[in-house]
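In what follows, chains carry the letters A, B, and so on, assigned in the order in which the sequence lines appear, proteins first and then strands, with residues in each chain numbered from 1.
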Amino acid sequence: MASTPPHCSLTATKPYQNHQYPHNHLKNNNHRHAHQQNPHPHHWTSHKVSLTKPPLAPSPRNAPKPAATSTTSTQNPNSFHSLSPLPSSKSELTSDFSGRRSTRFVSKLHLGRPKYSMSTRHSSAAEEALQQVIQLAKDDKSLDNILLNFEGRLCGSDDYTFLLRELGNRGEWSKAIRCFDFAIKRERRKIDQGKLASAMISILGRLGKVELAKNIFETALEEGYGNTVYAFSALVSAYGRSGYCNDAIRVFDSMKSYNLKPNLVTYNAVIDACGKGGVDFNQVVVIFDDMLKNGVHPDRITFNSLLAVCSRGGLWEAARNLFSEMVNRGIDQDIFTYNTLLDAVCKGGQMDLAFEIMAEMPAKNLMPNVVTYSTMIDGYAKAGRSDDALNLFNEMKFLGIGLDRVSYNTVLSIYAKLGRFEEALDLCKEMESSGIRKDVVTYNALLGGYGKQGKYDEIKRVFGKMKADRVSPNLLTYSTLIDVYSKGGMYKEAMEVFREFKKAGLKADVVLYSALIDALCKNGLVESAVSLLDEMTKEGIKPNVVTYNSIIDAFGRSSTVECAVDDSDGAPVLQKGASNLNYAVAVDNKEGEEAGKEDNQIIKIFGQLAAEKGGQSKKDNRCRQEMLCILGVFHKMHELEIKPNVVTFSAILNACSRCNSFEDASMLLEELRLFDNQVYGVAHGLLMGHRDNVWGQAQSLFDEVKLMDSSTASAFYNALTDMLWHFGQKRGAELVVLEGKRRQVWENVWSDSCLDLHLMSSGAARAMVHSWLLNIRSVVYEGHELPKLLSILTGWGKHSKVVGDGALRRAIEVLLTGMGAPFWVAKCNLGRFISTGPMVAAWLRESGTLKVLVLHDDRNHPENVRFHQIPNLQMLPL
DNA sequence: ATAGGGTTAG
């Protein structure tokens, strides 16, 4: 094994949910490696906090994790040098942003808040010329004639710059370039040519034409009028705006060799570029320190851009410190400051704090605007607080704050995710009637929403409408659709989308590959998933923690699939999937030669796996192979320094639940130990029946888990319980489940009349059934009457994203039947078991019932045997 | 030179 990864304690998964550490970079692991090389990742917090005093008295929720040693004690706490970055940072960090940024920035371009130059230094002739030029068709050659006509009346670079800027504001970059070419020949003085060049570069940059900007810049350098701070600043900004932050930094660094000193604007531009490119905060602080060292005083925009760096990473504590630093330096805050700070706090999952900050804005004479609201709304939504999000939306409408494209899309995606399509469609209508056309983000949100609900007809309709509206699908559209179809087992459709995606000339990214890999995993084709993992690595696309979590979680699924298919009433979806898969391969072979290498590889893997599925022999053999395979996967994860997170831990526990032997599970737990001692300690301890010894440790683990969003937390409880249940530690499982209930991990699990298991895994649900029935039993024994109707809801089972998979329902059915509990399936709802109060009460009073309900650990620590088992049974004499 | 939205694991 390569170097042991740093101890990472529990690591949350969503940037929005991180209450303690700036570890959202765990989520998109592959461009966030800087901290991983730091042996003490938690020092980061102390670095930040040393900037100024923590704005809040530390509370259990926001207190920084104590670091093992102090690395900041010798530094001046009032200086930014105390923020000096950790000794690592790879420039590759941003490389895989390319796929993402292209779409992000393209869609932003359409929003383009036009920048009106308020300069009145131009002449009225320039205005006239502008009007004439605007009238022309795109590549009308007579543009030069117009300019020639005006030549005598236009006075110098100010007029030409005005023309360029106004054309730029109208998106007319090709006309602007023509004007520029015309003007540059007329100007004699280098200084004026330089002005024109930097204006042109900045205009092209603003329009996202970064290549053209670069050409202008290079020509300018060659011709001798480009070596100005302004031209360099403009190019830095152009690169930054398009997300090419490495290029921005390169240009910035190259200034030295031209003997140019970056000014305030240059520094602001490069810091802004870093924010957009997702550069690690510590790396940006290096630039900031450089700025201070060179005597350039940061201003409001510098701080706003630094805040933006924090917001990207959800580094809310660092953001607060920057804010305090602004105050200390006497720099006023503006609406950008607040909105960016709020974004950082929201992305850090601190919604209550965000609300407080928003509330303090009016006192500073800064009124929350549409950006403030959409930031907050999105924050609440991401934190799983949709009600708060929608309340804020109503508040915003009540206040008469006009909605714009982003706010519409933000709220729309909330409705779509919740499956509230009527409201989503109403919003679409409202949007269009206020003159905002649906864009690719709108459509993607709708497609994702329908996909989540398995509404495939709607998907077809919306996808068709999207094309009819001439909105081009982008990488995210295709990823969404491929994922949706794969999860539904509709491989034919998935492959069609994949082919269309290739035809569109887009390059697969880590998300798309992860979706494909997950599809294979969910169908038990783990080894194929691993081949695809290799394939993507060869393509130069780095897997991230999500990719790995899919694969780990799939361990052992191949045998599960076989069981499910054997089961007479089970898994129609899988079988259907298999046949579609064959079909897809057959169709594809016809066009196989046309397809690129990548496609072939993906199609081949699908085909191989389809074939492999037919042969059901040598199951044990496969398990052995899979074990080797999965150990290889862990090895690779260490090698690539991909930091595990709590989903990884859940995945390992799930994998344990699929082990036939304790020994196999131990091998996996050993991997868990290498990742995180605390989680290992709890899982292993409970598994071994050392409950008393580890319960304290378990409590603090649960405390940490509770800080995450509900689905992450419940997944962890589910995984832990399943593993314990699987190995017969049923009392342990019950304790975990009760703890989860106490901590509201699964919302409203039970009342006297109803047990809602739909968010639970099968082990957790079964343990919960026992507990609930015991609870009801005590109600009966206390002499109370039970409600007339009792029901147990299973839903579709949280574990399976395959719509209609009734694994949980079947497990509960078997359990209830086995116990002789008088429940039956409700006619109108297959996922619901019902009974009547009197019947259940009578059953609970039977002499044998208690014994069936009380759970024990099969594997018990010797000293615990007497203590736990006997009192629970309440019947055996000592 | 500055702010907000859509995709993958659970």
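- Regarding A:Leu341, its CG atom lies at a distance of 13 Å from the P atom of B:dG4, rounded to whole Å.
- One atom, NZ of A:Lys643, and another, P of B:dA9, lie 22 Å apart when rounded to the nearest Å.
- The side chain of A:Lys487 places an N or O atom within less than 4.0 Å of a non-bridging phosphate oxygen (OP1 or OP2) of B:dA9.
- Contact annotation: side chain of A:Asn369 to base of B:dA3, donor-acceptor pair present below 3.5 Å.
- For the pair A:Phe393 CZ and B:dG4 C1', the interatomic distance rounds to 14 Å; values are reported in whole Å.
- Residue A:Ser374 is classed as a base contact, given a heavy-atom separation below 4.0 Å to a base.
- Between B:dG10, B:dA3, B:dT7, one nucleotide has an atom nearer to the side chain of A:Thr340 than all others, and that is B:dA3.
- Look at A:Arg437 and A:Glu432 and you find no salt bridge, because none of the NZ, NE, NH1 or NH2 atoms lies under 4.0 Å from a carboxylate O.
- The listed nucleotides are B:dG4, B:dG6, B:dT7; the one nearest the side chain of A:Asn474 is B:dG6.
- For A:Lys487 and A:Asp518, the salt-bridge test passes: some basic side-chain N is under 4.0 Å from an acidic carboxylate O.
- For the pair A:Gln333 CD and B:dT2 P, the interatomic distance rounds to 19 Å; values are reported in whole Å.
- Checked by atom type, the side-chain pair A:Asp404/A:Ser407 shows a donor-acceptor distance below 3.5 Å.
- Nearest to the side-chain atoms of A:Asp483 among the listed nucleotides B:dG6, B:dT8, B:dA1 stands B:dT8.
- Nearest to the side-chain atoms of A:Val265 among the listed nucleotides B:dA1, B:dG10, B:dG4 stands B:dA1.
- The base of B:dG4 lies close enough to the side chain of A:Asp404 for a donor and an acceptor atom to sit less than 3.5 Å apart.
- If you check B:dG10, B:dG6, B:dA1 against the side chain of A:Arg241, the one that comes closest is B:dA1.
- Each of A:Phe498, A:Tyr443, A:Phe501, A:Tyr485 was checked for a ring pair (Phe, Tyr, Trp, His ring centres under 6.0 Å) with A:Tyr478, and the lone residue meeting it is A:Phe501.
- Between B:dA1 and A:Arg300, no contact under 4.0 Å exists linking OP1 or OP2 to a side-chain N or O.
- The aromatic ring centroids of A:Phe702 and A:Tyr717 lie less than 6.0 Å from each other.
- At B:dT7, one or more side-chain N or O atoms of A:Lys417 fall inside 4.0 Å of OP1 or OP2 (strictly under the cut-off).
- In the set B:dA9, B:dG6, B:dA1, B:dA1 carries the atom at the smallest distance from any side-chain atom of A:Asn268.
- Nearest to the side chain of A:Val440, among B:dG10, B:dG6, B:dA1, sits B:dG6.
- Checked against side chain to side chain donor-acceptor pair (under 3.5 Å), A:Asp272 has the following partners two or more places apart in sequence or in another chain: A:Lys276.
- Nucleotide B:dA3 holds its C1' atom 15 Å from the CG atom of A:Leu322, rounded to whole Å.
- The residue A:Val370 sits close to a base: some heavy atom pair falls under 4.0 Å.
- Applying the 4.0 Å criterion to OP1 and OP2 of B:dA3, one finds that A:Lys276 has a side-chain N or O inside that range.
- For the pair A:Leu264 CG and B:dT2 C1', the interatomic distance rounds to 12 Å; values are reported in whole Å.
- Counting only heavy atoms from C-beta on, A:Ser413 has its side chain closest to B:dG6 among B:dT2, B:dG6, B:dT7.
- Base contact: A:Ser479 has a heavy atom under 4.0 Å from a base atom.
- Checking the phosphate oxygens (OP1, OP2) of B:dA1, a side-chain nitrogen or oxygen of A:Arg206 falls inside 4.0 Å.
- Scanning atom types as modelled, no donor and acceptor separated by under 3.5 angstrom connect the side chain of A:Asp334 and the base of B:dA3.
- A:Ile335 has its CD1 atom 17 Å from the P atom of B:dT2, to the nearest Å.
- For A:Thr712, whose side chain is taken as the heavy atoms from C-beta onward, the closest listed nucleotide among B:dG10, B:dT8, B:dA3 is B:dG10.
- Counting any heavy atom pair closer than 4.0 Å across all strands shown, A:Ser407 reaches a base atom.
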Distance-only criterion, 3.5 Å: show the donor-acceptor pairs between side-chain atoms of residues 231-240 of chain A and protein atoms not counting sequence neighbours.
{"from": "A:Ser233", "atom 1": "OG", "to": "A:Val229", "atom 2": "O", "distance (Å)": "2.7"}
{"from": "A:Ser233", "atom 1": "OG", "to": "A:Thr266", "atom 2": "OG1", "distance (Å)": "2.8"}

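- In this structure, A:Tyr408 places its OH atom 21 Å from P of B:dG4, rounding to the nearest Å.
- For B:dT7, its base never sits under 3.5 Å from the side chain of A:Thr480 at any donor and acceptor pair.
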